[in-house]
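Sequence lines set the chain letters: A, B, ... in the order given, protein chains first and strands last, and positions in each chain run from 1.
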Amino acid sequence: MSNLEKYQHIFKESFQYDGDLEQLEYQGIAVWDSVGHMQLMAALEDTFGIELDVDDIIDFSSFKKGKTILAKYNVVI
Amino acid sequence: MRMPALPDHPQLQYLLRPHDGRISVQPLQPYDERACELLQQLSRLLLADAEARPHTDVMAFAFWCRRANIARLQRDHAEARARLGRGLAFHIAPANVPANFAYSYAFALLAGNASVVRVPSQDYPQVAIIARALRQLLQAPEFAVLAAMTALVRYPHDDGLTAQFSAMCQARIIWGGDQAIAAIRRQPIPSRGVEIAFADRYSFCAIDAASLLREDASGLARLAEGFYNDVFQMDQNACSSPHLLVWLGESQQIAAAQQAFWPAVHAVAAARMTLQAVQAVDKYTLLCRSAVEHANVAGAVRHDNHVYRIALDSVAADVDSLRGRHGLVYEYRARRLDEVAHIVNSKYQTLTYFGLSREQGLDFVLGNRLAGIDRIVPIGSALDMGVIWDGYDIIRTLSRIVDFR
């Protein structure tokens, strides 16, 4: 799987979501609430073998924004 | 191998017990690989548990013990000396914070100790969910060593049982009010034993008005969300949840900052808070009582039923007796933080802040030689449990140094 596929897969799995990922934002769907956010962050850390900083966890506000955050950890989506 | 037998008693229920009824009290080194592995598997299991999901406290614990965070804690620990756990830790978890026992267990485990954890007597679903996950993981052969070191017990108040477990342990960890701690302390621990008592504490918050006014809308929204989490998530029952908000700056700046801040907090509360009728009444009663009973109450503002604010025009040494509930916050204006140094006593635990530098925060406590405040953290982090808590380095307190020269 490419990084993009892994990245998409994490969102789909975490949120059981089949809609348009590019437009997906924090609190845009019911399951991406503060608990869903924790599930998502832990899954990203596990999959890509990274440790996200607290500031980045807070800034991770959308599917799109997440790509630029992961780039900081040398994960190119 | 030292493996004392665990007691049996009609009132004593084991949620988790080593299979032969004996507990292995041979210590591990801090951050033993198996201990870290168990916690990260526990994290994964709970984060994926549909039954756990509605319980934000369980999910927060699961997020806390995820691989990346444990790795971070281990790095921060940075111990040069050889260490071993002390042996058996006996924990008395707080009766009113369901998921707390899990942190207490994790701390002792990371320090290298076996544990007997007394969970709350009340049958919380959170306790059952975490215990079930632990039980499942500890069945794996890779965790046999840890399974032999772990017992979760539940019993109603019983001095005899508390005395037995206390006599067995090398470390006792008590979470509770002053009375509960005093009652447990009547039961001795061995002379070499150590004790950590996490007593009832008080916490407050400070915001620099000028710094807040420099925030844009998204910064303000994030700050409001953080403040909401600190105050409302545990309904102001957590020791680290603030009751008093001290505004710092000139009065015009403070007024402007308040006008920006509170509507933002209200917006978060209105979206996320489920206020039961009884709580709303409770809060309103508290508001009225405060106004009548305290001469320093200068006014009150209500943002419908969600957020109540009570302005104080002076703060005395007993201001920590004013406790908010269900989203009621006391406010005070000061030019500098030093103006409230006189209120800080040993009950003070956490200062949450916005717009303070490390130097300002530490100077306030160290420069004024304060008896309290063990923790100064940004707004939004009040409830983040750490291995440094209540002024203790828990890992070091629960382990011993093996000195070689």
Would one find more than 12 heavy atoms of other residues, nucleotides or ligands at under 6.0 Å from atom [atom1] of [X]?
X	atom1	value
Gln279(B)	CD	yes
Gln16(A)	CD	yes
Glu5(A)	CD	yes
Asp18(A)	CG	no

- Using a 4.5 Å cut-off on heavy atoms from C-beta on, say whether the side chain of Arg222(B) contacts that of Asp59(A).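 The answer is yes, as the side chains (C-beta and beyond) meet within the 4.5 Å cut-off.
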
- What's the spacing between Asn69(B) CG and Met41(A) CE if we round to 0.5 Å?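 One gets 14.5 Å once the value is rounded to the nearest 0.5 Å.
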
- Spacing of CZ belonging to Arg72(B) relative to CG belonging to Asp53(A), to within rounding of 0.5 Å: 6.5 Å

- Hey, are Arg53(B) and Asp33(A) close enough for a salt bridge, meaning a charged N less than 4.0 Å from a carboxylate O? yes

- Message: Using modelled atom types and a 3.5 Å cut-off, is there a donor and acceptor pairing between side-chain atoms of Arg67(B) and backbone atoms of Glu45(A)?
- Response: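 Yes, because the side chain of Arg67(B) sits within donor-acceptor range (under 3.5 Å) of the backbone of Glu45(A).
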
Give the minimum heavy-atom separation between [X] and [Y], together with the two atoms involved.
X	Y	answer
Ala68(B)	Glu51(A)	CB-CG, 3.4 Å
Ile57(A)	Arg66(B)	CD1-NH2, 3.7 Å
Ala42(A)	Leu47(B)	CB-CD1, 3.4 Å
Glu225(B)	Tyr26(A)	OE2-OH, 3.7 Å

